[in-house]
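Order of the sequence lines sets the chain letters (A, B, ...), proteins ahead of strands, with each chain counted from 1. Keep in mind that what you see is a predicted model, and the values were worked out from it rather than measured. When reading the values below, keep in mind they use all heavy atoms of this one structure, side chains included, and skip hydrogens, waters and symmetry mates.
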Protein chains: 2
Amino acid sequence: MSEEQYLAAYDPRAYPAVAVTVDVVTLTIREGALHLLLVRRAEQPYADFWALPGGFVRPAEDLDAAAGRELAEETGLGGEDLHRVHLEQLASYGTPGRDPRMRVVSIAYLAFAPDLPEPSAGTDAGEAEWLPLAALPSRRLAFDHERIVADGLERARAKLEYTPLATRFLGEEFTIADLRAVYETVWGHPLHAGNFHRKVLSVPGLVESTGATTEHGGPRGGPRARLYRAGDARLLHPALLRPATEETAR
Amino acid sequence: MSEEQYLAAYDPRAYPAVAVTVDVVTLTIREGALHLLLVRRAEQPYADFWALPGGFVRPAEDLDAAAGRELAEETGLGGEDLHRVHLEQLASYGTPGRDPRMRVVSIAYLAFAPDLPEPSAGTDAGEAEWLPLAALPSRRLAFDHERIVADGLERARAKLEYTPLATRFLGEEFTIADLRAVYETVWGHPLHAGNFHRKVLSVPGLVESTGATTEHGGPRGGPRARLYRAGDARLLHPALLRPATEETAR
DNA sequence: GGAATAGTGTCTATGAGACATTATCTT
DNA sequence: AAGATAATGTCTCATAGACACTATTCC
């Protein structure tokens, strides 16, 4: 039987159903540390395991919409706040057996969120938490979600280099030091304050001045800092390169 | 009904089946121009339209394997040759209605192939062709495949900057001028021969010398060129930045 | 010989990074 | 007053890009 005949005879409806889900890797910065949104599973399989928020894509629902809905359900965010969250497709995972019940292909999304209230508050969702990423290695997640989180983290670190998405972790207005803290937290690497300052202001469209300053100086002294908001660039030229860490590449 | 209850009551098997397919954007360079592998559809919908090679993911078949299988079927490549083709996941497309028959979520892949023989030769596949990308704007593709191709092209251009994947368009051994032609073709931009030469040799792991040279000089004169093969780097530090084209970013 | 190309040398502008300095604010 | 921080200045080094030049090969 040729491939052509095989395909012609192939009726997908004759096969066991394939389920399509979305799972969202949601990152935020709380108390100077990168956090990941997790929910506790109530049912089998992987009951009581922590997992990425996600679920089945509904009929006539776009993939992006499904990811946004899952995110809104777990974070309790409404339309306006949700609009400030960056959401992008990450990758798809469909290894047979990744869900023991049936064939499940999951479209993973990556979200960058500003500091949000505790997720369970005012939400219908079950148990949910912001987990510091430092605590992740000692925790086993459901399904292949550890792999998905690792992919999301690597994507996030890379994206800070050539996009202004670091601002999505902050509020409407922020100082250069706030922005630097985001980079240091996500990259896990201290940056030179003076050089970072000049670099940020030199990249077109990264930030724009509001004209205002903070009300007070820092908690341990220092002058008031000028306030900025996100600029209109969607890609950064030139990019903010992260300090050479290791030769991961070879 | 709360979201929690909704999800608990949600049985995906009770809904109309969702089909999962893979589609492959396969790029190669023929006669100095970038080409895209297309197949002509034999059946409805979009009968007689050209489309990306692809098809349903089979039960117990990994997504990557499905993409490799579809690629092999259309190109007629065997194991060893296929091994030289770079294949990576591109993105997933699941907008409702993109396939008029039923809900279809397609996982798109991107492939970089060396110059291959005509696709139809020795293959069970139906009509297939390498289409010069310059001819693409005048051709309507099936489904949302034009969008997928556009996304694949942008990914390909970006990947040449920070990966050594340009070598995947070439044979086992190649000259620096061959490599430069790949960059110029994919980016659609002439590069300075002397500076490119030095830059390529200065990036660790991009190419390594074979010690040999070409048998003859160029067709219009010039000395014999040294031959190189792909190096062991997987990411390039520093990257080969493409010349600033437009401010697409803003 | 003339033309084209491979490979290298040189110069300049630009940016990253190390370090220093000044002004401003908190304790 | 002392310490911390925002913001800017200065210096050095590495790199990109423009341009020049030599050697080699084809016609």
Exercise. Which one, C/dG7, D/dT15, C/dA18, comes nearest to the side chain of B/Ile176?
Worked result: C/dG7
For this session: Remember a base hit wins even if backbone is also touched, and classify B/Ala177 as base, sugar-phosphate or nothing at under 4.0 Å, heavy atoms.
Result: sugar-phosphate
Seminar exercise, completed: Between A/His192 and A/Pro238, whichever has its closest DNA chain C nucleotide further toward 5' is A/Pro238
Exercise. Just by distance, with hydrogens left out, do B/Asp178 and B/Tyr228 show a side-chain donor and acceptor under 3.5 Å apart?
Worked result: no
Exercise. Over how many whole Å does the gap from A/Leu236 atom CG to C/dG15 atom P extend?
Worked result: 14 Å
Problem set entry | Length of the line joining A/Leu201:CG and C/dG15:P, which is rounded to integer Å | 14 Å
Problem set entry | Separation of atom CG in A/Asn195 from atom C1' in C/dG15, rounded to whole Å | 11 Å
For this session: Tell me which nucleotide among D/dA6, D/dT8, D/dA16 gets nearest to the side chain of A/Ala225.
Result: D/dA6
Problem set entry | B/Glu154/B/Arg147 ion pair, N-O < 4.0 Å | no
Problem set entry | B/Asp23 side chain to B/Ser106 side chain, donor-acceptor N/O pair below 3.5 angstrom | yes
Problem set entry | Protein-nucleotide distance (B/Arg242, atom CZ; D/dG17, atom P), rounded to Å | 13 Å
For this session: Could you please name the option among C/dG7, C/dA6, D/dA7 that lies closest to any side-chain atom of B/Arg226?
Result: C/dG7
Problem set entry | Whole angstrom value for the distance that separates P of C/dT14 from CG of A/Leu241 | 18 Å
Exercise. So, is B/His197 near the phosphate of C/dA6, with a side-chain N or O under 4.0 Å from OP1 or OP2?
Worked result: no
Exercise. What's the CZ-P distance between A/Phe196 and C/dG17, to the nearest Å?
Worked result: 12 Å
Between the protein and nucleotides 24-27 of chain D, which nitrogen or oxygen pairs are less than 3.5 angstrom apart?
residue, atom, partner, partner atom, Å
D/dT24, O2, B/Pro223, N, 3.2
D/dT25, O4', B/Gly222, O, 3.0
D/dT25, O2, B/Gly222, N, 2.8
D/dC26, O4', B/Gly221, N, 3.4
D/dC26, O3', B/Pro219, O, 3.3
D/dC27, OP1, B/Pro219, O, 3.4

Exercise. Reckon B/Arg198 has a side-chain N or O less than 4.0 Å from the OP1 or OP2 of C/dT8?
Worked result: no
Exercise. So does B/Arg229 have more than 12 non-hydrogen atoms from other groups sitting under 6.0 Å from CZ?
Worked result: yes
Problem set entry | Ionic contact status for A/Arg242 with A/Glu161, cut-off 4.0 Å | yes
Problem set entry | Under-4.0 Å salt bridge between A/Arg155 and A/Glu88 | yes
Exercise. Is there any ring pair (Phe, Tyr, Trp, His ring centres under 6.0 Å) pair reaching into residues 62-91 of chain A, and which pairs are they, with sequence neighbours excluded?
Worked result: A/His86-A/Phe112
For this session: Write down the distance between NE2 (B/His237) and P (D/dA16), rounded to a whole number of angstrom.
Result: 14 Å
